[in-house]
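A, B, ... follow the sequence lines: proteins, then strands. Residue 1 opens every chain. What you are looking at is a predicted structure, and each value in this text was computed from that prediction instead of being measured.
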Amino acid sequence: MFALVDVNSFYTSCETLFRPDLQGKPVVVVSNNDGCIISRSAEAKSLGIKMGEPFFKIKNNTYSSRVHIFSSNYALYADLSERVMQTLTAISPSIEVYSIDEAFVNLSGVINCMPLSDFGHEMKNKVFKNTGLTVGVGIAQTKTLAKLANHAAKKWRGTGGVVDLSNIERQHRLLALTSVEDVWGVGRRISKKLNSMGINTALDLVESSLWVIRKHFNVVLERTVRELRGEQCLELEEFAPAKQQIICSRSFGNRITQYSDMHQAICAYAERASEKLRSERQFCRFVSVFLRTSPHADNEVYYANQASMKLLTPSNDTRDIINSATNSLKRIWVDGHRYMKAGVMLADFFSNGVAQLNLFDDSSPRKNSAALMEAIDQLNNSGKGKVWFAGQGIEKTWAMKREMLSPAYTTRYADLPVAR
DNA sequence: TCTGGGGTCCTAGGACCC
DNA sequence: TCTGGGGTCCTAGGACCC
């Protein structure tokens, strides 16, 4: 048995946690660069504010003066997420952290101690006690069914935020009430195609033949159907598998038109990507850079391009990554565009041990590279100060917009809330 | 004026091998 | 006239997730 536990309106709840005056009011969090709505309090939802809606479009709506808006504060959300996960880890056999605000919990053996829904309430109460955040809990035989149960726990107040789907009849009743697009793994495209085949509810999907699903779609959807039937196809992944790619990309606060600005941005992204790579204890051989103008600007020529390089030897030295990223940038930069976004992608990873020197590589690996990178990472993680490579510059005129950012309540001494 | 930032998996098709 | 039957690896693109 699995439980899926997730925090209600996670980002928004993190914000109101430290602003009790805003509880019960419409609150939203917008994406990086203050672009789109990405989290809404219940009150904001009932105003009709949609997920993913561009912020500038609702800015001047009649209700907007009543809505409290926050820029994304990932330092805050990541810290609170960790506290939620720690609480769940402490009381359950094992968990898989699935995203910043949700986890699958392994419930094996729990049934010998107490009814599963009681355990669900216990998780909910413990998380609330430790963090002040409210979670929803869905319990079932497979991950996909647990997701469905969680969905129901959110939707119907009478459930008290916990739904146990162990009972097959209850399962079928819920399947009949759920439309296919609310099933985990069924997105917009597939649900449209399913609808055209007369498959509208999750129950329709469960009752359709596996052969037909496999023929018209693929093995992924077949697995979803099996999971909805109670056949476990997806395991609990307690330990995150090694990443296959690392991307660092951002939209710019203002459009970039100067090469020197773009060069700075690419250096900054390359540096951040290298940090992530080292924290994964990996070395990469593939470094790619992309940039693009706005796809929404009708009166401008759209330009998007990407270039990549293969390093002769796998590396996680920031200097190597910056070198090859800026080399690629030179090849795709075109004057005269108003660039909106750019990024750096790393791939083709090697673990420490298998990094092998290239027979024909003239340049020997950099001396003391590992020690230097470790020193930099330690300085930057110590809270004592920040060092960076000169390429990214000091005045980052291209940096993203975060005009409504809340304090780093839990991760910066100066921002600690004061209790009176 | 203004539209996020990450990821994964699968499939089809091309190039190549014997 | 007539052209097999296996494979592998790589890439691009499409679908999905949060």
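- Here A/Q244 lies in heavy-atom contact (under 4.0 Å) with sugar-phosphate atoms only.
- Annotation: cation-pi pair A/K243/A/F349 absent, no NZ/CZ under 6.0 Å from the ring centroid and within 45° of its normal.
- Using bins of under 30°, 30° to 60° and over 60° for the plane-to-plane angle, the ring pair A/Y98/A/F104 lands in the perpendicular bin.
- A/W398 and A/F252 have perpendicular rings, their planes meeting at more than 60° on a 0 to 90° scale where under 30° would count as parallel.
- Comparing the same atom, C1', in C/dG4 and in B/dC17 gives a spacing of 15 Å after rounding to whole Å.
- For the 3.5 Å distance criterion, the side chains of A/S99 and A/E102 qualify, holding a donor opposite an acceptor.
- A/K57 contributes atom NZ, which lies 10.0 Å from atom NZ of A/K50 (distance to the nearest 0.5 angstrom).
- Contacts between residues 185-197 of chain A and DNA chain C, counted as heavy-atom distances below 4.0 Å, involve A/G185, A/V186, A/G187, A/R188, A/R189, A/I190.
- Annotation for A/R170 and A/D164: closest pair NH1-O, 2.8 Å, computed over non-hydrogen atoms.
- Protein chain A contacts DNA chain C from C/dA15 to C/dC18, reading 5' to 3' and using non-hydrogen atoms of the protein with a distance under 4.0 Å.
- Of the candidates A/R255, A/H337, A/R338, A/R338 is the only one forming a side-chain hydrogen bond (donor to acceptor under 3.5 Å, both in side chains) with A/E300.
- A donor atom on one side chain and an acceptor atom on the other are found under 3.5 Å apart for A/Q171 and A/Q141.
- Residue contacts shown for A/M400 are absent, as no nucleic acid heavy atom lies under 4.0 Å away.
- Screening A/L329, A/V289, A/V287, A/V344 for a side chain to side chain contact (heavy atoms under 4.5 Å, CB included) involving A/S324 leaves a single residue, A/V287.
- Across all strands, A/R255 comes closer than 4.0 Å only to sugar-phosphate atoms, never to a base (heavy-atom distances).
- Counting non-hydrogen atoms under 4.0 angstrom, A/K401 reaches nothing in the nucleic acid.
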(request) Determine which bases of DNA chain B form Watson-Crick or G-U wobble pairs with both distances under 3.5 Å, and write the result as a 5' to 3' dot-bracket string with | for other-strand partners. (result) ....||||||||||||||
